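All values derive from a computational prediction rather than experimental measurement.
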Amino acid sequence: MLEEIVKRQYQSLGVDEDVYEFGSEILKELEPRFEEIDKISECNHLRVMQAFQKNRVRTECFNTATGYGYDDVGRDTLEQVYADLFHGEAALVRPQITCGTHALALALMSNLRPGDELLSPVGKPYDTLEEIIGIRPSKGSLKEYGISYRQVDLKEDGSFDYENIEKALNDKTKLVTIQRSKGYATRPTLSVERIGELIAFIKERKPNVIVMVDNCYGEFVETIEPLDVGADMMVGSLIKNLGGGLAPIGGYIVGKKECVENAAYRLTSPGLGKEVGASLGVMQSFYQGLFFAPTVVASALKGAIFAANIYEKLGFDVHPNGSEPRFDIIQAVTFHKPEGLIAFCEGIQAAAPVDSYVVPEPWDMPGYDDQVIMAAGAFVQGSSIELSADGPLRSPYTAFFQGGLTWNHAKQGILMSLQKMKEKGLISL
Ligand SMILES: *Cc1c(COP(=O)(O)O)cnc(C)c1O
């Protein structure tokens, strides 16, 4: 009875009965996995609560600070909450860090000096990092400041190329950057455990090297985080996992005191560091977003797994596949033609709470090499912890799908993408 009502409600939003039934069949098989995700989320919720309670988060923390921001209690307490939660010595969690790319640039530029070398032992980093490093020539890149870069790709089977990593480590190597999530690549995402194995190998050979983990999209997918396995810094965006959909801006760096201090002196100014930078009234959203984050990440994960199983069944290449374990919230679906990528994104957009009536189109996005199509009808502009899909318009035409503040909405978006594919004759159910 209730099932019929729900189905009719879907129909009134344009999702046909056969599309809905196709999804329902797949969902039945996913119940055990969803239970496991809920357990991880429960564990992470408790960790968040412990950090809140230990640091006596209180109403005063939500007060608006302006001007220089000396003694901004909300900001300072939140940074201690992050440090405790992720087992770091210190944290920088600020609205003045404008996004994940900025947080990563800050961590790198403040901890490297001219003559140093940066190493990525996990292959090509995320697109926007290419300009930070100077892989693609760019104003203000590390390369312009005389900081060199070396890269060791993952092996064909996704394993670490230990032999070449050992060779790449040299006297100049000051910092090693490890990207947890696959980003826009089709390599596997690294589990925290695997990151730990890599860090152990590197630190055995070069104990003083700084290891930074680009933690974007990975937070709260597991019950441990990179600092638990020997990383010196973990870095990410607040309009992804940890902002819980509520943070309107921001980035974070958590880790060794010295690394975080270096970043703070770079963010504000030598001599000022963490002491300034008023939180301007965003603190409640930062705290409340972190409070919601474990649940939001669980919703996004369920959406990713649901999408993988649907599109796998229809014969598309999905990555990770329908049954693999998950280490980030990103789902890649490869369509092998632009029409598939575009139809998928149109479906996600049509299911959005905001801007559902617009049709997404490919555009030249700053920081990216190819044209990108993005579907995002988000409360926070560009937020990719909210249900969103994007992909570069290049072969093999892969849509990267992520987010979903609630499981209900993730499900609705995926069913709508399926509907658009069906309407354009790209699939038959
Ligand atoms: C999103 C992302 C970034 C960049 O973050 P923005 O907030 O988009 O600037 C960097 N690395 C990875 C792996 C990402 O997923």
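- Counting only N and O atoms by type, the side chains of Q349 and D355 include no donor and acceptor under 3.5 Å apart.
- Using cut-offs of 30° and 60° for the angle between ring planes, the F52 and F291 rings count as tilted.
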Test side chain to side chain contact (heavy atoms under 4.5 Å, CB included) on V192 and F327; report intermediate values, then the result.
CA-CA 8 Å; V192 174; F327 305 114; over 6 Å; no
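- In this structure, V297 and V221 have side chains that are in contact, with non-hydrogen atoms separated by less than 4.5 Å.
- Looking at K203 and D232, a side-chain N of the basic residue comes within less than 4.0 Å of a carboxylate O on the acidic one, giving a salt bridge.
- Salt bridge annotation for K182-D328: present, with a cationic side-chain nitrogen under 4.0 angstrom from a carboxylate oxygen.
- Heavy-atom contacts from other residues, nucleotides or ligands closer than 6.0 Å to CD of E144 number more than 12.
- By the 4.5 Å heavy-atom criterion applied to side chains, R180 and E225 are counted as neighbours.
- Between Y217 and Q179, every side-chain heavy-atom pair lies at or beyond the 4.5 Å cut-off.
- Using a 4.0 Å cut-off between charged nitrogen and carboxylate oxygen, K420 and E346 do not count as a salt-bridge pair.
- Side-chain atoms of F220 and R47, non-hydrogen and from C-beta on, do get closer than 4.5 Å to each other.
- Two residues are said to be in side-chain contact when any heavy atoms from C-beta on lie closer than 4.5 Å; E79 and R94 meet this criterion.
- In summary, K274 and E261 do not engage in a salt bridge, as defined by a charged side-chain N under 4.0 Å from a carboxylate O.
- A heavy-atom distance below 4.5 Å is found between the side chains of L290 and L85.
- A donor-acceptor pair under 3.5 Å is absent between the side-chain atoms of D16 and the main chain of Q419, judged by distance alone.
- Checked for salt-bridge contact, E36 and K39 miss the test: no charged N lies under 4.0 Å from a carboxylate O.
- Of the charged side-chain nitrogens involved, none lies within less than 4.0 Å of a carboxylate oxygen, so that K172 and D116 do not count as a salt-bridged pair.
- A side chain to side chain contact (heavy atoms under 4.5 Å, CB included) with F86 is found for exactly one of L242, N215, D228, namely L242.
- A donor-acceptor pair under 3.5 Å is absent between the side-chain atoms of S279 and the main chain of V282, judged by distance alone.
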Can you check ring pair (Phe, Tyr, Trp, His ring centres under 6.0 Å) on F160 and F201, steps first, answer last?
CA-CA 10 Å; F160 300 125; F201 179 87; 9.0 Å; no
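- Counting heavy-atom neighbours within 6.0 Å of R56 CZ, excluding the residue itself, gives a total of 12 or less.
- Side chains of Q402 and S388: a donor on one and an acceptor on the other come within 3.5 Å.
- Note that CD of E222 is 9.5 Å distant from CG of N44, once rounded to the nearest 0.5 Å.
- In this structure, R187 does not pair ionically with D153, as no charged nitrogen and carboxylate oxygen lie closer than 4.0 Å.
- Side-chain atoms of M109 and R266, non-hydrogen and from C-beta on, do get closer than 4.5 Å to each other.
- By the 30° and 60° cut-offs, the orientation of the rings of Y311 relative to F316 is perpendicular.
- The pair E89-K256 does not meet the salt-bridge criterion, since no charged nitrogen lies less than 4.0 angstrom from a carboxylate oxygen.
- Ion pairing of E131 with K139 is absent here, as no side-chain N (NZ or NE/NH1/NH2) approaches a carboxylate O to less than 4.0 Å.
- Considering only heavy atoms from C-beta on, I249 stays 4.5 Å or farther from L238 through its side chain.
- Between the side chain of Q96 and the backbone N or O of A278, at least one donor-acceptor pair lies under 3.5 Å.
- The closest donor-acceptor contact from the side chain of H45 to the backbone of S41 lies at 3.5 Å or more, if one exists at all.
- Under the 3.5 Å distance criterion, with hydrogens and angles disregarded, no donor-acceptor pair is assigned to the side chains of T177 and S120.
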